[in-house]
Amino acid sequence: MRVSSFSFMAILLTVGYRAACGQSPEGLYFHSADGGALRIERLPDGGFDVTPHGPLTVWHWWASMEGTTLKLEIDYSLATRELFGAEPVPDPARQYFLLEPSVRYPGGWDLTGGRALPDPDPRMLEEPFWGFLYPLPTAADRIYVRYIDRLPNRKTEPFEPPVTDALRAVALMGAARDVLEVDPEDSVRRIVYLDALVRTGRMEDLGQRLDEWETDILAGSNPALSVMASRARNSIEAYGLYLEGRNAWSAVQPVADNKLSLEELILHIPTLAGYDESRPFPASLYTGGIPNFLGAQVASKVLVTESYFQMMRGEREEALATLAGVCRMGQVYQRGETLISILIGIAIHQTGLRGMEVFILNACETPGEFDVVRRHLDMLDDWHQEWRAQDIRDRIVSEPMANVMAQSGNGNLAEVETRNLSLAARHELTRAAAIVRETRVRFQRFPDSLEDGIASHRVPHDPFDDAPLRHEQWQNEFLVWSIGPDRNDDHGLIEYDPTNGTVSQGDIVVTIPRKRRYPFSRDGFRPQTTEDVDRTFTVGLPPDNFADTRSRGLTVHPGEPPVIFSFGPDADENRYKEQKPIVVSGVSFANDPFGVPQSANTAFATSDARRKRVENEPQYDPTNGTVSNGNLYYRREQGPFTVIRQLRDCIPGRDP
């Protein structure tokens, strides 16, 4: 597996810009986004020794001085093996930050610029970001050194204290107490002590100390310390919700960390609809933490694919609950404290909404089914409107990275806001699709306008100009669109494609056909031959989220009965293509779409042989790894997942 530089850039930017450090002639201390730390100490020869603690050990670090400028450099090319079990990234994978001694906060460092290879030149900020490395007890304070040395050397689960070993917890608290006793009135030292309480899970003590100190810390002149105090308060509230069973973060984490089998994942995801709160729990006060983005994003695509299979089996309630759960998982991530968490949430939410559109347009045939859809949409809308009411800049004001992104030309904050508006447009279009399709089902006609649709629906608006969504009715379809990020009305004729650029030409469009594109049967689809598939799905099967070829539908392998499958997270479509030779250990797999060895003297393999090879491909199992071998298969029989009907209380407004 090749992990893109962008993925690691996202991690490292979060690590880098969520920092804390103190300065002295002897050395520096740097606290990372996920609770790790660096000791940066000056050597007698003028160089620096950089010692990582915790999750930061997966990267290689260097520090150097050029005049008054501190250069902190990171090489993350070898981290792929540590994080994902993959081969190291072969291309240069380094970045560095440039810092100057802070004028506003003596003892701290201000971020002035940085560079990420292969960019040719460093990116300099228009104005230094003060407090990038927050002032903490200096290297001369050997008591603080003991605290740093006792920090945990591992990442933790949400709501699990980083330091769980009793002896280590006592040692860490003792070191923090020693730091505080040097000057009990100093807000910096108080934060160190509060941080130790979070790391050791002492929530009751944390609340008592915060009640004593919070007013003084918030009244101080250092906004970084105010953010940490606010995060301490949030930790207490998040942990309380967790104990009450109301915090959705605790339910999302096993999905992201691949702790559930495929069957367990499908049963678990609808339960997210039952949570009314979502608060992340930091591993340290210095950060909101880095969520597991890869596991959650892959899981969202797996679940949407499985929802298509549920629709094929006639399991409509289950499919809708699955898709609503995916959307909710995206909303949970959107409520995180960091930009990377927000971006993950937007991507997952978009994936879920695309699946919801497929369901609304193809698996709803009665007014009663639309009543259930509306309850799900209203549930999602409540969280969505609450989220939209909060400006992203306000949500992440505690994150220095927001300031940096706002000033840089690559990956700026405006781009994140545009992605959020695009998500809002997709959300509104999904509601519009439900209005139009429900009108068609109830009255056997398209509405004259969205305002003419079902009265119980809120009329959807375009977030890019706050006007009603545009629409056009043709003979066999009803078109609804948002003007998109370019804010130019293309009348739905040019469709927006974010791969052309976050702000690029085109409208965000949903098309509601007069007839269903994918006619899912209420009684389930049980084809005996490939011809049965072709007769039922005349325009193709639903899209395969994991195919290498864009917009490719699910694959049908001929046989009696035929096999319908998705290529799964390992995205190995090319292995199944005809006329694309692949050589493995000297054996050619040319011309055979299912990898049966061929040579010039061997007859083309029989259909049964190819079919057997496909069926021998294992079912994808998340517990084998996020991106692991295996396909996602459509099982014709009513599967074990039908027990999800016992979870009807997950559907809003539905009696258990």
Side-chain angles (χ1 to χ4, degrees), residues 15 18-22 28-39 52-56 107-108 131 133-138 141 143-156 158-165 168-214 216-218 220 222-239 280-290 337-338 398-400:
V15 171
R18 282 283 200 199
C21 185
L28 312 169
Y29 294 93
F30 174 101
H31 288 261
S32 80
D34 46 9
L38 295 178
R39 283 181 57 184
H53 297 255
L56 295 185
L133 301 181
Y134 310 134
L136 287 174
T138 67
D141 188 345
I143 297 174
Y144 184 64
V145 173
R146 290 201 297 273
Y147 178 75
I148 290 290
D149 286 339
R150 285 165 174 75
L151 292 180
N153 194 37
R154 65 185 181 90
K155 295 186 73 171
T156 58
F159 313 106
E160 178 187 68
V163 182
T164 54
D165 179 82
R168 291 194 64 190
V170 170
L172 184 67
M173 286 306 309
R177 191 174 295 107
D178 292 341
V179 170
L180 178 65
E181 288 178 353
V182 173
D183 184 356
E185 302 300 317
D186 180 60
S187 292
V188 171
R189 295 178 182 277
R190 287 177 170 179
I191 288 294
V192 172
Y193 189 80
L194 295 177
D195 178 62
L197 293 174
V198 169
R199 291 179 185 272
T200 55
R202 290 166 164 76
M203 292 295 106
E204 185 175 349
D205 291 345
L206 178 64
Q208 293 175 355
R209 291 287 187 166
L210 199 56
D211 289 342
E212 296 176 31
W213 298 341
E214 188 174 19
D216 291 340
I217 294 174
L218 295 178
N222 190 337
L225 300 182
S226 299
V227 166
M228 295 181 203
S230 298
R231 187 168 290 127
R233 181 64 66 188
N234 187 69
S235 300
I236 296 171
E237 295 175 357
Y239 189 70
F281 187 85
S284 164
L285 291 187
Y286 300 114
T287 172
I290 302 176
E337 294 184 325
T338 61
S398 65
E399 188 173 5

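Note: hydrogens, waters and symmetry copies are ignored here, and every other heavy atom, side chains too, is used. The first residue of the sequence shown is numbered 1, and numbering continues consecutively from there.
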Response to the item:
Arg190 and Pro184 have their tightest heavy-atom pair at NE-O, 3.0 Å
Discussion item. Salt bridge check, Arg233 against Asp211: does any charged N sit closer than 4.0 Å to a carboxylate O?
Written reply: yes
Fill in: Side-chain heavy atoms of Leu210 within contact of Leu194, under 4.5 Å
yes
Response to the item:
The reported gap from CG in Asp195 to CE in Met228 (rounded to nearest 0.5 angstrom) is 8.5 Å
Worksheet item: How about Glu204: does its CD atom have over 12 heavy atoms from other parts shown lying under 6.0 Å from it?
Response: no
Worksheet entry | Criterion side chain to side chain contact (heavy atoms under 4.5 Å, CB included) on Val192 and Leu180, from CA distance to verdict | CA-CA 8 Å; Val192 172; Leu180 178 65; over 6 Å; no
Discussion item. Once rounded to the nearest 0.5 Å, what's the spacing between atom CG of Leu285 and atom CD1 of Ile191?
Written reply: 6.0 Å
Practice prompt. Anything under 30° is parallel, anything over 60° is perpendicular, the rest tilted; go ahead and classify Phe281 against Tyr239.
Written response: tilted
Discussion item. If I take atom OH from residue Tyr193 and atom CG from residue Leu206, how far apart are they, to the nearest 0.5 angstrom?
Written reply: 10.0 Å
Practice prompt. Decide yes or no on side chain to side chain contact (heavy atoms under 4.5 Å, CB included) for Leu197 and Met203, but give the supporting numbers first.
Written response: CA-CA 7 Å; Leu197 293 174; Met203 292 295 106; over 6 Å; no
Practice prompt. With rounding to the nearest 0.5 Å, note down the distance linking CZ in Arg209 to CD in Glu214.
Written response: 14.5 Å
Worksheet item: Within the distance-only criterion (no hydrogens, no angle test), does the side chain of Arg189 pair as donor or acceptor with the backbone N or O of Val179 below 3.5 angstrom?
Response: yes
Fill in: Nearest heavy atoms of Ser187 and Ile217, plus distance in Å
OG-CG1, 4.0 Å
Practice prompt. Kindly compute the distance separating CZ (Arg168) from CZ (Arg199), expressed to the nearest 0.5 Å.
Written response: 10.5 Å
Worksheet item: For Ala238 and Pro280, which heavy atoms make the closest approach, and how far apart are they?
Response: CB-O, 3.8 Å
